[in-house]
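For reference, the structure is listed below as C-alpha cells.
No experiment lies behind these values; they were computed from the predicted model shown.
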Amino acid sequence: MPSRLQLKLDNDLRETKCGEFGMLRRPKPTDSEADLLREQQELLAAGGRSTVAVVKRPDKRRGDAAAAEAHEQGNQRDVVTIEDLPDELPTLTPAPPKKSRFKQERVHFEDEDPEERLDRHDTHISAVLSRIIERDTSAVPVSLPCITGTAFPKVLHRSGIESEVQERAIRGRKSIFARQIAAQRAKKEDSSASRHVGFLPLENMETEQPESDVMGKCCHISQNRVGGPVLLTGQGLGIANSAMETMKIHEENQSKLQVMSQSEILQEQRKLLAQLDPRLVEFVRSRKAQRTPGSESASGPVQREDFLNEPLPNSTSPELDHSIKAQESQRDTMEDDEEDENQLVVQAPITEEELPIKPQKEWLHMDKVEPEKLEWTRDLPAPRKQGTKKAMQARFDFAGTLIPPTKDLPTHLGLHHHGEEPELAGYSLQELFLLSRSQLNQQRNLAVSTLANVLAKAHAGEYISSLKGSVLSSLLDAGLLFLLRFSLDDSVEGVMSAAVHALRALLVSSYDEECLDNAFPWLLGMATFPLLPTAQEDEDDEGLDETMKETAKEKEEKKTDHDVARQDVVKGFLKMQGLSRLRYILEVVRPSPRVVLDILEVLIRMARHSTAAATEILACPRLMTTVISEFLPCSWAPATSQALSSLYGLPVALAMKLLRVLASAGRHACARILNSLGGKELLSRFVVVEPSEMLLEAGEALRCSTEALRLFAVAASYGQACNLYTDLYPVLVKRLQAGNRLCASSEAVLFLELDRIKALLVLLTRVTQTAGCHEELQRDLVSAQGTECPPPPPVVWSHVMGLQPTVISSLKGCVRAVDGPAQMSSARILLPSYLLYIEAYYSQLCVQSSFQPVQCLQELESLTSDVLLPLISHQAMRNITSSFRSSSMICNPGLSAAGGEVVPSLPSLGCSRLKTSSTMAGPNSPLSLPTALLYLLNTITSIHKGLIKKFSHLILSDSVLSYLRSCIGAMPSVSQMSAWILHHEHHLLYLLLRLAHKLVPVDPEVAKHAALFHQVSLALVSWLLPGSEYLAHELMSVMTFSHSLLPEGVHGETEVAALAELQLKDRTSPAVGALLRDALHHLPSIRGCYLTHLAHLESSVLSSRDRYLGRTPFVSSHLLPELTGPSLPSDWPFLPLISLYERMGAGGEQQVESLPEGSVQSVTHCLQWLLVLESWREQALTAVPPVAKLARLACVFLCSSDLFLERPVQELTWALFRRLTRPAQLEALDLGSPPPGLASFHDLYSALLAQYEAVSFGDPLFGCFMLLPLQRRYSVTMRLAVFGEHVGMLRSLGVSLQQLPIPLEKFTCPMEDSLPLLRLYFRALVTGALKRNWCPVLYVVTVAHLNAFFFSQDEVAEEKEAARRSLLRKTYYLIDEVLKNHLLLFRLPQQNSELGFSTYEQLPPIRARRLESIVGTEVKGGER
C-alpha cells in the first residue's frame, strides 16, 4: 500500500507539465524513501506548487492543543524540524501523572510566554455560536397570551401586593421576593380553579354538621375538599389540560371518601401513616400548614381544613410523631414511669408586637420587618411538664451529668442551642461529636471536655439505671478513638489538652490502679494478668489445611485501623501512632501539669496491656528519654509556690511508676531500663534521699520514694540490680529500723508511710530470695560445661543474714501493737509483709550450705510460741477468718459484677464496685494477712514436723470450715474483673488445704473433715487460672489422689456400695464394691496416669514454680499468661480418654484394630477414677453436664474396635453407665443441647451407629449406649436414623429387657406422633428386619407404638387417619399370626415378663368395632 507521502508526490507530478521546469519523472513503486525525498526536493527547487493540500485531522483524544499544533505545522508540509530541542524534558508544573482533555489546558511549561497562553485561551465568539443547537418544540403546545387592557405587564411592587402577601402568609421563612412570586402563582391557580370548578353547587361546599359527630366531621372535611387539591398542581403531567386532569383525580378521591364509613376512613389513614416514609408525612403536613383559610366565594378558593393534622379518636399520631423524631442513629434512650403528654404544644407564628426587641427605622435594612425571620429571638417553648415512656435522646451538661427532659434550666448556663429541640437543655452525643470538629477553638475544646466528663461518669456506672445500652460502646462504635486521635493533632493547646484528658477518661481507671498498688506487697502481688480483650476466633480459616492458614502476624497486618480499634482499643491507638504524638506533646508542647499526669497515666495503662505494648513504649523514639530527663531529674530546684505551673524539671511519682510497670512486663525490659535509660542512677538517687529532703510536697515526696523502692523490688525479683543492695545496705537497714519504731508508735500514721515500709520489705524479700539462689546457680555454672545457665547474682547469703533479727523484732512489735486500738490498723497493714519476709528467709535457709538444723528448729519453736500462736488466737485474726465467706469472690460471684459499663475491647478490673461493696481489695483486705500467715506456717511445718499439731485449731475453727463448705458447690465466674482477686483467693484456699492435709494424719479431729478437704481440692483444681499451674500440679501430686483424704475406702464404703448392687438381678453386672477397692489400691498409678497426660503443661508448671518459690533468676516476667479461662478444663477427669480418642480415633487417620497395653491401662485408670468420683465425690463433676459425661464415655467405643471388649474396661464402663442412668441423672440428661466440643449430639450418635454396625459383635454394653438416645423424649431424628439408614443393626442389637438399665416406659410413652417413623416401624416388623429374638427391646417399643397408633381415639389430620386405616388393614391381613396378634392384642409393656408386654385374650369391644369399621366394609365390598 503506497504511503501518504507517495500519493502526494503522485498528484503533484500529475499536475506539472512540460514548460520552464522541464519534464519530471513520476514515482514508481520500487522507489525507496530516499528517492521520494529527492524527488520532493527537486519539485520544491523548481518552484512547483502542490495541487493537493495535506489536511491532518486533530486527535480528539488530545484536545484543541493538538489541532493548533497541526495547523502550525501544516505550512511546513511533511518536513518536521525541532530546533533547540533540550536534552532533558522540561518539568511540568504541577506535573500531574495523567490529565483529562479538560485539564489539558492547565498544563504549561515553565518557559512558556504568558501572552501566548492567554491568546490561545481567548476563544472567538464564532466558536461558541457555531455550536448552538435549537431545542425541539414540536411537542410543546402553543398557548396564546391573555388579552389585557394594558400595553405592558404590571410591574411588581411590594406595596401593591402587601395585603395579598399577608393573607397568604406561610409559616416557613421565605424572602420577600419569594413571597411575591408565590402570591402571583396563587392568583393564577385561583383563576384556573374558578374556571374549572365553577359549575359545582355552592351549597354542597357549605354543608356542615356538628363537630361532635365524628362521621359528620369526616363528611365536612371531605366536602370542603371539593374546591380542588391542595398539594397537587398538575405540573409535570406533560399535557395541556393538566389542571382539568388534576380536578378529575380530585373528584374521584372525593367520591370515594363520601361512600366510605368512619371506620374505613380511620383504617385507611392508619395504613397510610404506617406505610409512608415519616419524612414524607412531615413534608405533607408542613405544606398543608402553610395554606391559611381564605375568604369563601364561588369563584375564589374554598375554605380548606388540614385533614392530616386532625386528631382522630384513639389515634397514635402523637406517638408516631415522637417515634419519627427519635429515629436517629447512636441514640441513648431514657425511661420514666409517668405518662406522655396527650398533645404537643405548637406555638403560633410570632407577630411584630411580640418581638422582644423592636426594630428601629434607623437600623440598616430593617425598614421592612419580617417577623418569621425573627422567630429565634422569642422565648423558648416550655419543656414538657410530664415524663414519657418513649425513647428520648440523652442530653448532658458540661460536667457530663444527664439532664432529664422535664427539667427546666435557665438559659444563662449555656446549655440551650439552636438544635432540633431548642427547648431542651444539654447536648446530645451527636451534637458533641459535631462540635468537636468545629472551626471554633472554644467549641472544639468544650465538646471534647464534655465527652471526657461523660466517659468518666460512664466508667463509674452513673448512666446504667437511666439509659438503655452502653454509652461507652456507642461512643466507640461511633469512632470516639479516631476523634480523640485527631484532636491530639490539633494545633490549639486547649483542644489538645482536652483530648488527652478524654483519652485518660477512656482508658484509665483510678480504682484499678489503687487496688493493684494495694496488692503489690501481697504474696505474688507483682504478678498481674495482662489487660487484653478476649481473643475472637476467626471463622475464615475453619476447614482449611494448616499450611493454607494465615499466621497471626499476617492477619494483623491485613487489618485496618478501624478493625484493630474495634477489637482492641489500646492496640488500635498504638497502631495510629499515638505514642509518637504523646511524645511530641511532652517534648515540644510542654503542657500543663494536669496534661502531663494524664499522659503518664495513659502510658501506664498501655504498659499493663501486654508485653508487646510495653516493648513498644520503650521502643518509641525519645519517649522514655523525655520522661526520665524531664520528670525524673537527679537534681532540681525547690518549688516556689504551692500550685505548680509546670512539672518540668521536678520528680513525678507517676513517671517512676511507669518505669516500674514497664519493668514488670519482662526481665529484658527491666534490664533495658536499668542499663540503657539510667535506671540504676535513679534508684540510687531516690532511695538514698529521705522524702523530707526532696524539696517536694510531702505526699509527692513519699510517693516518689515508694515507687523507687517498688522499682528496685521488681528489678530484684529478676535477680537484677542486686549490687545496689550491697552499696545501699546501711541506708536500707536504717529504713527498716525506722519502720519498727513507726509500727510501735501510737500516732496516726499516714498510709503513704506504710506503703513505703511495705515496699522496702518487698525489696528485702526479693533480695533474700535472690541470695538464696546463689549457691545453686554457682553449682549449675560449674556443672553446665558450656550449656546456657543464668550467672550467679552478685549478692550472697551472708549479705542478708543480718536482716533476720531486725525483722523478727519488728514482727514481734507489730503483734504486740495489734492489741492497741491506736496501732492496730497500721500493725495489721504491716504484718503480712513481715511474715512473707520470714517465710522467704527460712525457705532459703534450708538449702544453704551453712544451714544449722538444731539452731533453726529452736528459732522456729521460739517464733511459734512468741509470735504465731498469739497471732492465730487473737480476736483480730478471728474477725478476719469470720469474714472469709462474706468477702469471698468464690462464694459470692455477684461481687465480680461490673460496677460501671463494660466494653469487650477495653477490659478493666472493675474495682470501682469491688472497692465499695467488699473490703477484699483494700489495704485491710482479709486476704493478705491469712495468706501470708498460712504461707509461713506451711514452710515452718515442712521444716519442723513437730509443730504441725499446734496449728490445728486454725483449721478447726467454725469460720474456716464454713468457708470450705461454701466452696464445694460454688461456680465462680472468670473474667478480667474477677480473675485478679480470684488469683489471690486461690492461694489462700490452696494454703489452707495444704495445712489441713498435713494435719489429717496427726489429728483425729481434723481427720473427720478429710472428705471436705478432698472435695474442695477437687474443685480448686478446676478453678486455678493461668499462672497457677504449679499449684494444680502440687494438688494432683499430693492431695487429689491421697488415701488419707478418701476415708470412704477405710470406713467400709466399698462394702456398702457392693450391697447396694445386690438388688440387680443381672448376675453378669460388675460388682461396684470390688471395682472401688481395686481403684483405691491403684491410686498411685492413677495419679501417674493423669500427671503423664498433663505433661504438655510442663513449661507452664516450671514457670509458675519459679515465680511461686521465689527463684528470681529464672523468672521471665511478672505478667501472667493471657486470661482464657481456667488452666484445666472442668472435665479433666476424662482427659486420658479424650486424649486417646483424639490420637487414635478422631478422623480415622490413625485408627487401629487393637490398642497397645499401655493405652488399655490408661483408659482403665481413667475409668477407675471416674467411678471413684461418681461414687463418693459426685459434686466434683457437677460442672460437667450429663450429656457431656455420656459423650466422653462414648469415646470408649470410638477409640478402637476392641477396647470396649477388654474385661476391666467393660466392667468399669458398665458401672459408670448404670450410674449415669439413675432416675435423677436420667431426667437431667438433655441430648438436645450440644455437648461441649461438638456441634450436636446427633453427629456423635451417627458415628456410634457406624461403629456399632462395624465392630459391636452384639455387645450388650454397646447396645445399651445405642438404645439410650432412642427414648421417646429425645429427637426423632435418631430413631429415624436407626430404622432408616441403619436398620441392619437391629439384627445384632440383642440387649435383653433385663440388661436394659432404663425403664421401658421411657421408650413407649407418650405415643409416637411421627408418621414416617411409624411407617418405618411397620416395615421393619413386616419385612422381618426386626424380630423379638433379635432385638427384644425395640420389638416391644415398635409394637407398643403401632398398637397405640391403630386404636387411638384422638382426632388427627386426614393424612394420618388415612395412614392409620391403611396400616391397620394391612395388619389384619398379615400372614404372620404371631406378629398380627401382638400388634392387635398388645396391652401394656412389662419389662420383667418374658415377652416384654402383656396382651388381651381377645380384642376389647372398642378395638373390635374400630377394626370392623375399617376391615368389615372392605370384606362386604369384596363379597359383592
Worked check of side chain to side chain donor-acceptor pair (under 3.5 Å) between Ser474 and Asp477: CA-CA 5 Å; Ser474 301; Asp477 293 341; over 6 Å; no
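- The shortest non-hydrogen separation linking Lys758 to Pro521 is CD-CG, 3.9 Å.
- Side-chain atoms of Ser629 come within 3.5 Å of backbone N or O of Thr626 as a donor-acceptor pair.
- Using the six-membered ring where Trp is involved, Tyr718 and His1118 have ring planes that are tilted, between 30° and 60° apart.
- Between Val569 and Leu476, the closest side-chain pair of non-hydrogen atoms falls below 4.5 Å.
- Of all heavy-atom pairs spanning Ala713 and Arg766, the tightest one is O-CG, 3.8 Å.
- Proximity of Leu1094 to His1096: side-chain heavy atoms (C-beta onward) are separated by under 4.5 Å at one or more points.
- A distance-only check finds no donor-acceptor pair linking the side chain of Asp1106 to the backbone of Val1115 [under 3.5 Å].
- With hydrogens and angles left out, the side-chain atoms of Glu901 and Ser470 include a donor and acceptor closer than 3.5 Å.
- A salt bridge links Asp517 to Arg660: one of the charged nitrogens lies within less than 4.0 Å of a carboxylate oxygen.
- Under 3.5 Å, the side chains of Ser908 and Arg605 contain no donor-acceptor pair of N or O atoms.
- Trp980 and Thr528 form no side-chain donor-acceptor contact under 3.5 Å, judged by distance and modelled atom types alone.
- Proximity of Glu616 to Met606: side-chain heavy atoms (C-beta onward) are nowhere separated by under 4.5 Å.
- Among all heavy-atom pairs drawn from Ala708 and Leu683, the shortest one is O-CD2, 3.3 Å.
- Distance alone, capped at 3.5 Å, is enough to place a donor-acceptor pair between the Ser449 side chain and the Asn445 backbone.
- Note: Leu603 CG to Leu662 CG = 8.0 Å, rounded to the nearest 0.5 Å.
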Worked check of side chain to side chain contact (heavy atoms under 4.5 Å, CB included) between Arg710 and Met656: CA-CA 9 Å; Arg710 287 174 179 172; Met656 189 70 75; over 6 Å; no
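- With hydrogens and angles ignored, the 3.5 Å screen pairs no side-chain donor or acceptor of Ser1104 with any backbone N or O of Val1101.
- At least one side-chain heavy atom of Leu632 sits less than 4.5 Å from a side-chain heavy atom of Phe686.
- Side-chain contact between Ile617 and Leu579 is present, with heavy atoms from C-beta onward closer than 4.5 Å.
- Residues forming a salt bridge (Lys or Arg N to Asp or Glu O under 4.0 Å) with Arg608 (at least two apart in sequence, or on another chain): Glu513.
- The structure places OG of Ser592 at 9.0 Å from CG of Leu597, a figure rounded to the nearest 0.5 Å.
- Of all non-hydrogen atoms in Ile673 and Ala663, the two that sit nearest each other are CD1-N, 3.8 Å.
- Taking the six-membered ring for Trp and the full ring otherwise, the centers of Tyr427 and Phe396 sit at least 6.0 Å from each other.
- Here the closest heavy-atom approach between residue Pro651 and residue Pro633 is recorded as N-CD, 3.9 Å.
- Proximity of Ile585 to Pro591: side-chain heavy atoms (C-beta onward) are separated by under 4.5 Å at one or more points.
- Remark: of the listed residues Val596, Ile599, Leu600, Leu600 is the sole one forming a side-chain contact (heavy atoms from CB on, under 4.5 Å) with Val627.
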Derivation and outcome, salt bridge (Lys or Arg N to Asp or Glu O under 4.0 Å), residues Arg1105 and Glu1029: CA-CA 8 Å; Arg1105 182 198 63 180; Glu1029 291 83 2; over 6 Å; no
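- Judged purely by atom type and a 3.5 angstrom limit, His984 has no side-chain atom pairing as donor or acceptor with the backbone of Gly525.
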Verdict with supporting geometry, Val714 and Phe520, side chain to side chain contact (heavy atoms under 4.5 Å, CB included): CA-CA 10 Å; Val714 172; Phe520 183 83; 4.1 Å; yes
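- Interatomic distance, CG of Asp598 versus CG of Leu654, reported as 9.5 Å (0.5 Å rounding).
- Trp1023 places none of its side-chain heavy atoms less than 4.5 Å from the side chain of Leu982.
- Every salt bridge (Lys or Arg N to Asp or Glu O under 4.0 Å) that Arg622 has, sequence neighbours left out, goes to Glu587.
- The minimum heavy-atom distance linking Ala452 with Ala502 is given by the pair CB-CA, 3.5 Å.
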Audit row: Ile890, His986, side chain to side chain contact (heavy atoms under 4.5 Å, CB included) steps and yes/no: CA-CA 9 Å; Ile890 295 176; His986 291 164; 3.9 Å; yes
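- Of the possible donor and acceptor atoms, none in the side chain of Asp568 sits under 3.5 Å from a partner among the backbone N and O of Val564.
- Judged by distance alone, with hydrogens and angles left aside, the side-chain atoms of Ser1028 form no donor-acceptor pair with the main-chain N or O of Leu1031 at under 3.5 Å.
- Rounding to the nearest 0.5 angstrom, the gap separating the CD atom in Gln577 from the OG atom in Ser580 is 5.0 Å.
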Derivation of the side chain to side chain contact (heavy atoms under 4.5 Å, CB included) call for Val902 and Met977: CA-CA 10 Å; Val902 179; Met977 291 171 287; 4.1 Å; yes
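- Between the CG atom in Leu618 and the CG atom in Leu623 there is a gap of 8.5 Å [rounded to 0.5 Å].
- In this structure, the side chains of Leu682 and Leu711 stay at 4.5 Å or more apart for every pair of heavy atoms.
- Note that NZ of Lys657 and CG of Leu516 are 7.5 Å apart. Values are rounded to the nearest 0.5 Å.
- No donor-acceptor pair closer than 3.5 Å links the side chain of Gln976 to the backbone N or O of Leu531.
- Each side-chain hydrogen bond (donor to acceptor under 3.5 Å, both in side chains) pair with one or both residues in residues 480-494, not counting sequence neighbours, appears once here: Arg444-Asp490, Arg485-Asp489, Asp489-Arg581.
- Listed for the Tyr648 side chain is a donor-acceptor partner under 3.5 Å among the backbone atoms of Leu586.
- Of the possible polar contacts, one joining the Asn453 side chain to the Phe398 backbone as a donor-acceptor pair under 3.5 Å is found.
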